[in-house]
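These numbers come from the heavy atoms of this one structure, side chains and all, not from hydrogens, waters or symmetry mates. Note on naming: letters A, B, ... go to the chains in the order of the sequence lines (proteins, then strands), and numbering restarts at 1 for each one.
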Amino acid sequence: TETYNVAVSLCAGPKGYKAALKLLDDMKERGVPRSTQTYTSLMKACLSVEKTDLALKLFGELLDEGFRPDLLTYHNLMDVYGRLREWQNVMQILDIIKAEGLQPEVRTYNVAIVACARCDRIVEATHVLELLFEAGVEPSVSTYTSLVALFCRLGQMAGSALLLDDMQRHGIQPNVITYSALINGCAQVGDVRGALDIFAKMQELKCKPSLVTYNTLLKACSMSSDWASAMLLWRQMELSSCRPD
RNA sequence: GGCGGCAAUGCUC
């Protein structure tokens, strides 16, 4: 069982999920017992290629075989429902986790926030952060970055600024991903100036921009037809060790 | 005891 579980867990990517499913058939044929983890890893493999229907089916099989879902299973399940835009189910799973006596972790809430974010549900995503605090769990950079990214994607820059303050009050420093999300927000609302300001701040803080950062900055410029800034950024990008792809 | 899970842009279909 363990050998198979490890093999299944290594199956990610476009081809991986098929290999993983083959392993499951193999286990059944040879009478190798499955486990919660077998199915959870299989769900993950399916999610990596957005096969949400298959992931749901595997969750069903897990239950049919009489296994108890663990935290990770529920994380994957929330991921599924996020992709299906079924945020009500995401919130419900948080309740189920509690009801089952499982101990939620930061990641539990992070996954829930991302799932709500996929559904553009700002209210629910924000509520998840409150639930985290109620549970006495410490937020992480990812927690705040996921929320900030949602606000930014929807152009709610005032809200994202409040979150950034809140984050720092909790002693969490934004990283390159957080800043990239904020730059994306500036892009959404056509604020090239703001995007460049954040970029400047990153340099001050010695926060190394990534390829995504540059792509996002260029997007901000192109959405406002600011070709002069775009050219400057392109040059900067070449000077740094970032190569366009 | 070990193993499996989280966040940012665009492109593609």
Side-chain angles (χ1 to χ4, degrees), chain A residues 1-12 14 16 20 23 34-50 55 58-59 62 69-80 82-83 90 93 97 102 104-118 125 128-129 132 137-154 160 163-164 167 172-188 195 198-199 202 207-223 230 233 237 242 244-245:
Chain A
T1 301
E2 298 233 354
T3 312
Y4 272 103
N5 283 352
V6 170
V8 168
S9 70
L10 292 174
C11 294
L23 285 168
R34 277 75 63 193
S35 70
T36 295
Q37 190 175 323
T38 314
Y39 285 104
T40 302
S41 297
L42 276 161
M43 288 174 74
K44 174 72 187 157
C46 292
L47 279 168
S48 73
V49 288
E50 310 231 33
L58 288 162
F59 179 71
L62 179 154
D70 65 9
L71 245 198
L72 220 82
T73 318
Y74 285 122
H75 289 183
N76 288 341
L77 196 58
M78 288 195 285
D79 196 346
V80 170
R83 289 173 200 272
V90 174
I93 293 167
I97 289 174
L102 293 170
E105 308 172 343
V106 212
R107 282 178 179 178
T108 311
Y109 297 98
N110 293 354
V111 171
I113 289 172
V114 172
C116 291
R118 276 193 215 283
V128 173
L129 183 64
L132 171 148
V137 173
E138 284 295 318
S140 68
V141 212
S142 302
T143 314
Y144 276 103
T145 301
S146 313
L147 256 184
V148 166
L150 170 61
F151 276 79
C152 287
R153 191 161 46 74
L154 300 183
S160 72
L163 274 170
L164 198 68
M167 173 176 180
I172 300 170
Q173 289 312 115
N175 62 18
V176 56
I177 299 181
T178 320
Y179 286 122
S180 299
L182 287 165
I183 290 170
N184 186 41
C186 293
Q188 298 301 331
I198 294 168
F199 181 58
M202 288 176 72
C207 178
K208 193 163 180 288
S210 69
L211 189 55
V212 173
T213 314
Y214 283 109
N215 281 343
T216 313
L217 282 162
L218 289 170
K219 180 176 90 165
C221 295
S222 77
M223 284 176 63
L233 284 164
M237 179 164 68
C242 265
D245 61 355

Heavy atoms from C-beta onward define the side chain here; which of [options] lies closest to that of [X]?
X      : options          : result
A:V176 : B:U9, B:A8, B:G4 : B:A8
A:L72  : B:U9, B:A8, B:G4 : B:G4
A:D70  : B:U9, B:C6, B:G4 : B:G4
A:T213 : B:G4, B:U9, B:A8 : B:A8
A:N184 : B:G4, B:C6, B:U9 : B:U9

No-hydrogen, no-angle side-chain donor-acceptor test under 3.5 Å, A:T216 and A:N184: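 There is no such pair between these side chains.
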
Starting from [atom2] on [N], measure out to [atom1] on [X] and report it in whole angstrom.
X      : N    : atom1 : atom2 : answer
A:L150 : B:A7 : CG    : P     : 14 Å
A:R107 : B:C6 : CZ    : P     : 7 Å
A:R118 : B:A7 : CZ    : P     : 8 Å
A:N76  : B:C6 : CG    : P     : 9 Å
A:L77  : B:C6 : CG    : C1'   : 15 Å
A:Y74  : B:G4 : OH    : C1'   : 17 Å
A:L23  : B:C3 : CG    : P     : 20 Å
A:M167 : B:A8 : CE    : P     : 14 Å

Taking every non-hydrogen atom, the tightest pair across A:L47 and A:N76: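 Scanning both residues, the minimum pair turns out to be CD1-O, 3.5 Å.
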
Smallest separation among heavy atoms of A:E105 and A:V137, with atom names: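 The answer is C-CG1, 4.2 Å.
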
Would you classify [X] as touching base, sugar-phosphate or nothing, given that sugar-phosphate means primed atoms plus P, OP1 and OP2, and contacts are heavy atoms under 4.0 Å?
X      : value
A:E105 : base
A:D79  : nothing
A:S146 : sugar-phosphate

Under 4.0 angstrom between A:K219 side-chain N/O and B:C11 OP1 or OP2: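 Answer no for this pair, as no side-chain N or O of A:K219 is under 4.0 Å from OP1 or OP2.
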
Side chain to side chain donor-acceptor pair (under 3.5 Å) against A:T145, all qualifying residues, sequence neighbours excluded: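 Residues passing side chain to side chain donor-acceptor pair (under 3.5 Å) with A:T145: A:T178.
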
Donor-acceptor pair present, A:S210 side chain and B:A8 base, under 3.5 Å: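 Present.
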
Ring pair (Phe, Tyr, Trp, His ring centres under 6.0 Å) evaluation trace for A:Y214 with A:F199: CA-CA 9 Å; A:Y214 283 109; A:F199 181 58; 5.7 Å; yes

